[in-house]
Structures are given as C-alpha cells and as structure tokens.
Amino acid sequence: MYGPREAPPSYSLHPSSSRPNSNSASPRPTVPPRPSPPTQSQMHPQPQYQPTPAAPPVAASAPPRITPASSAERRDLQSSRELKTVNFPRAVLSRFLSIASVNTAKNRETCGLLLGKSKGNKYVVTTLLIPKQHSTSDTCTMDEEELVLEFTETRSLITLGWIHTHPTQSCFMSSVDLHTHSGFQCMLPESFAVVCAPQHTPTFGIFRLTDPPGLQTILGCNQKNAFHPHPELPIYTDADKGHVQMKDMSLEIVDLR
C-alpha cells in the first residue's frame with residue numbers, strides 16, 4: 001500500500017511592502033502541493049452491502065392430531081348436523097331373542113334389520129325384518145339381499161338399523177361389526193346397531209360409531225383380516241344415551257327365511 005507523501009513546501013510572492021528592486025531575481029510563482037497518491041482502498045473501492053433484513057420467524061406447523069375431538073368440538077359438530085330422534089320399540093329385544101333362540105342354542109349368530117319411516121323431525125322403527133342368512137359362532141351374513149330391497153321399496157321403508165346376537169360372547173362391537181355398521185351409518189347418520197348377548201350382563205347394547213373419530217377411523221382402515229385391532233380411540237358409543245329412545249309401541253315382524 002502506498003503511504004501519503006509529504007507535500008513540498010509552498011512558495012509565495014513577497015508582499016508589496018517588501019518588493020525587491022529591479023536588480024533582484026524574479027520571484028518564483030506559487031506551486032500548488034502535489035496530491036498524495038491514492039490509497040489501496042481508494043484504488044479498489046469495496047462495494048457497499050446493505051444488510052438483508054431477517055425474515056420473520058415462521059411458526060412450526062402443528063403435528064397431525066390423533067387424539068379424539070374435544071367436547072366443545074363435538075358440540076359444534078352436533079349442532080351443525082343434529083341427529084334426528086329415533087323411536088325404538090322396546091319389544092324388539094325380547095321378540096328377536098325368541099326368534100334367535102334356535103341358532104343361539106347351536107352357538108350361531110342371528111341377524112335382522114330394523115326398518116321404519118320418517119315422521120316429521122324423527123324416525124320411527126316399525127318393522128323387524130329377518131332376512132335369509134347363514135351364520136357361524138361369530139359371523140352372520142344375509143343371503144338373497146334383493147328380497148330385502150324389494151320388501152323395503154314395496155313398503156316404502158327406511159333401514160334405520162340392524163340387530164344381531166353374540167351367542168356366547170359379551171355385548172360389544174367387534175371389528176367385523178364396526179365395519180358392517182360403517183356402511184349403514186354412511187347411508188344414514190342416525191343408523192344404529194343392536195347387539196344381544198343372552199349369556200352375559202348387560203344382555204344388550206345399542207351403539208353407533210362416533211363421528212368423529214370412529215366413522216373416519218373405520219372407513220380408513222385397510223386391514224384384510226376379519227378380526228383385527230383398531231387405534232385406542234372412542235370408536236363407538238351408546239346410541240340409547242343419545243338419539244335412540246326406547247318406547248312401548250307396536251312392532252311388525254317379518255321373517256323371510
């Protein structure tokens with residue numbers, strides 16, 4: 001790097017009061033000071049950078065929630081799609097167990113459909129339909145479903161729910177029951193399932209999938225085995241503590257077997 005040179009001395013004219021005589025030498029003109037050589041920074045100026053303002057912090061996205069919906073959220077959902085009340089004849093339980101007793105003695109399940117109509121702001125179960133079926137100790141499958149469809153269309157009936165027995169097991173919704181019921185509840189949110197367990201206490205239960213998270217959990221389940229575990233969530237709940245109300249009322253029974 002070059003350092004600054006010392007400037008040479010300056011020369012000035014004598015003031016007029018002390019001007020020399022004509023025999024004196026001519027005065028030298030004033031010489032301006034020689035400029036200092038440029039410094040390294042002047043020769044190669046550095047670009048001026050303006051600091052880039054820092055971006056505002058971005059809040060981390062919350063992880064996906066896998067816990068059940070809170071009570072407040074369930075109330076909001078309930079208010080946005082209020083379930084209609086379903087009147088359910090109390091006589092269905094004893095009458096169905098009587099019909100199923102032969103299969104129960106053989107440790108075979110029995111199933112039936114709960115049909116009815118919409119009456120104003122509620123549904124009313126009017127008919128217990130026993131379809132043609134085949135069963136084992138823990139499964140029951142309807143046969144000739146076209147007969148059921150013909151019956152419901154001819155009578156202008158709605159499928160409001162279904163009922164089946166657990167001949168030796170307790171009263172609960174198995175994984176097969178949950179997947180079966182998800183189809184009913186997709187078609188009608190008020191649909192419910194009745195499980196009868198004559199060898200245990202309680203002897204019956206009236207259930208539906210929670211929504212959320214039960215219905216969504218079952219619909220998203222891809223397990224291939226018939227009986228399989230599901231996440232530790234409240235997948236189903238008691239419908240008779242909600243929109244299903246048991247009443248003493250008339251009941252029609254139709255057996256297609």
Side-chain angles (χ1 to χ4, degrees), residues 82-106 108-135 139-167 171 173-174 176-198 202-209 211 215 236-257:
E82 191 73 30
L83 295 177
K84 285 186 176 182
T85 297
V86 179
N87 289 347
F88 176 57
R90 198 183 308 275
V92 166
L93 300 173
S94 59
R95 300 290 296 276
F96 178 69
L97 284 175
S98 177
I99 293 170
S101 60
V102 174
N103 280 347
T104 300
K106 298 177 181 179
R108 294 179 181 174
E109 288 192 359
T110 304
C111 66
L113 294 175
L114 302 168
L115 312 177
K117 295 191 175 186
S118 176
K119 295 187 177 181
N121 60 349
K122 64 182 178 181
Y123 291 108
V124 177
V125 174
T126 60
T127 305
L128 169 61
L129 178 67
I130 310 298
K132 291 187 176 184
Q133 58 194 266
H134 64 275
S135 61
T139 63
C140 188
T141 305
M142 290 192 301
D143 298 325
E144 300 182 41
E145 294 184 23
E146 66 275 7
L147 296 178
V148 173
L149 181 61
E150 179 183 354
F151 179 84
T152 56
E153 289 183 345
T154 300
R155 305 281 292 274
S156 299
L157 296 172
I158 304 169
T159 301
L160 297 174
W162 62 296
I163 185 170
H164 75 290
T165 55
H166 284 181
C171 184
M173 292 281 279
S174 69
V176 171
D177 298 340
L178 294 172
H179 281 272
T180 298
H181 187 67
S182 65
F184 285 91
Q185 196 164 318
C186 278
M187 292 188 294
L188 183 70
E190 286 81 0
S191 292
F192 60 98
V194 181
V195 180
C196 296
T203 57
F204 75 93
I206 302 176
F207 307 113
R208 74 182 297 270
L209 296 173
D211 183 13
L215 182 60
Y236 66 95
T237 188
D238 295 315
D240 55 335
K241 292 181 174 60
H243 70 293
V244 178
Q245 298 179 359
M246 297 182 65
K247 294 184 176 294
D248 294 321
M249 48 192 294
S250 61
L251 175 68
E252 176 189 31
I253 298 177
V254 178
D255 195 336
L256 297 180
R257 295 178 299 174

J.: What residues form a salt bridge (charged side-chain N to carboxylate O under 4.0 Å, His left out) with Lys132, not counting sequence neighbours?
T.: Glu144

J.: Which residues pass the side chain to side chain contact (heavy atoms under 4.5 Å, CB included) test with Lys122, sequence neighbours left out?
T.: Thr85, Asn87, Val124

J.: What is the minimum heavy-atom distance between Cys140 and Cys111, and which atoms define it?
T.: SG-SG, 3.1 Å

J.: I need the Leu113 CG to Glu145 CD distance, nearest 0.5 Å.
T.: 9.0 Å

J.: CG of Asp143 to CZ of Arg257: how many Å apart, nearest 0.5 Å?
T.: 11.5 Å

J.: Answer yes or no: is there a side-chain heavy-atom contact under 4.5 Å between Pro167 and Glu109?
T.: yes

J.: One pair to check against side-chain contact (heavy atoms from CB on, under 4.5 Å): Ser182 and Leu215. What are the steps and the verdict?
T.: CA-CA 6 Å; Ser182 65; Leu215 182 60; 4.1 Å; yes

J.: Tell me, with the steps shown, if Leu128 and Val254 meet side-chain contact (heavy atoms from CB on, under 4.5 Å).
T.: CA-CA 6 Å; Leu128 169 61; Val254 178; over 6 Å; no

J.: Could you state the interatomic distance from NE2 (His164) to SG (Cys196), rounded to the nearest 0.5 Å?
T.: 8.5 Å

J.: Which is it for Leu129 and Val148 under the side-chain contact (heavy atoms from CB on, under 4.5 Å) test, yes or no, and what are the steps along the way?
T.: CA-CA 8 Å; Leu129 178 67; Val148 173; 4.0 Å; yes

J.: So, taking the atom named OG1 in Thr110 and the one named CD1 in Ile130, what distance separates them when rounded to the nearest 0.5 Å?
T.: 8.0 Å

J.: Mark yes when over 12 heavy atoms from residues, nucleotides or ligands other than Gln245 sit less than 6.0 Å from its CD; otherwise mark no.
T.: yes

J.: Please identify each residue that fulfils side chain to side chain contact (heavy atoms under 4.5 Å, CB included) with Asp240, with sequence neighbours left out.
T.: Ile206, Asp238

J.: Nearest 0.5 Å, what's the CG-CG distance between Leu209 and Leu178?
T.: 6.0 Å

J.: Would you say that Met173 contacts Val195 through its side chain, given a criterion of any heavy-atom pair below 4.5 Å between the two side chains?
T.: yes

J.: According to side chain to side chain donor-acceptor pair (under 3.5 Å), does anything in residues 184-193 pair up with another residue at least two apart or in another chain? List the pairs.
T.: His181-Gln185

J.: Would you please name every residue forming a side chain to side chain contact (heavy atoms under 4.5 Å, CB included) with Thr180, sequence neighbours left out?
T.: Trp162, Val176, Phe184

J.: Can you list the residues that meet the side chain to side chain contact (heavy atoms under 4.5 Å, CB included) rule with Thr237, with sequence neighbours excluded?
T.: Arg208, Thr210

J.: With sequence neighbours left out, which residue pairs that include part of residues 153-165 fulfil the salt bridge (Lys or Arg N to Asp or Glu O under 4.0 Å) condition?
T.: Arg155-Glu252

J.: Quick one: list whatever passes ring-ring contact (aromatic ring centres under 6.0 Å, His included) with Phe151, sequence neighbours left out.
T.: none

J.: State, to 0.1 Å, how close His166 and Asp177 come at their nearest heavy-atom pair, and which atoms those are.
T.: NE2-OD2, 3.3 Å

J.: Which heavy atom in Leu256 sits nearest to a heavy atom in Pro131, and how many Å separate them?
T.: CB-CA, 4.2 Å

J.: Give the minimum heavy-atom separation between Val92 and Ile163, together with the two atoms involved.
T.: CG1-CD1, 3.8 Å

J.: Can you name the side-chain hydrogen bond (donor to acceptor under 3.5 Å, both in side chains) partners of Asp248, sequence neighbours left out?
T.: Arg90

J.: Identify the heavy atoms of Pro89 and Ser250 that sit nearest to each other, and give their distance.
T.: CG-O, 3.9 Å

J.: Can you name the residues that form a side-chain hydrogen bond (donor to acceptor under 3.5 Å, both in side chains) with His243, not counting sequence neighbours?
T.: none

J.: If I compare all heavy atoms of Leu114 with all of Val125, which pair ends up nearest, and what's the gap?
T.: CB-CG1, 4.2 Å

J.: Determine whether Leu157 and Thr126 make a side-chain contact, defined as any pair of heavy atoms from C-beta on separated by less than 4.5 Å.
T.: yes

J.: Working to the nearest 0.5 angstrom, can you tell me the gap between Ile158 CD1 and Leu115 CG?
T.: 10.0 Å

J.: side-chain hydrogen bond (donor to acceptor under 3.5 Å, both in side chains) with Ser135: which residues, sequence neighbours excluded?
T.: none

J.: Which atom pairs, one a donor and one an acceptor, fall under 3.5 Å between side chains of residues 94-102 and the rest of the protein, sequence neighbours left out?
T.:
residue: Ser94; atom: OG; partner: Ala91; partner atom: O; Å: 3.4
residue: Ser101; atom: OG; partner: Ser98; partner atom: O; Å: 2.8

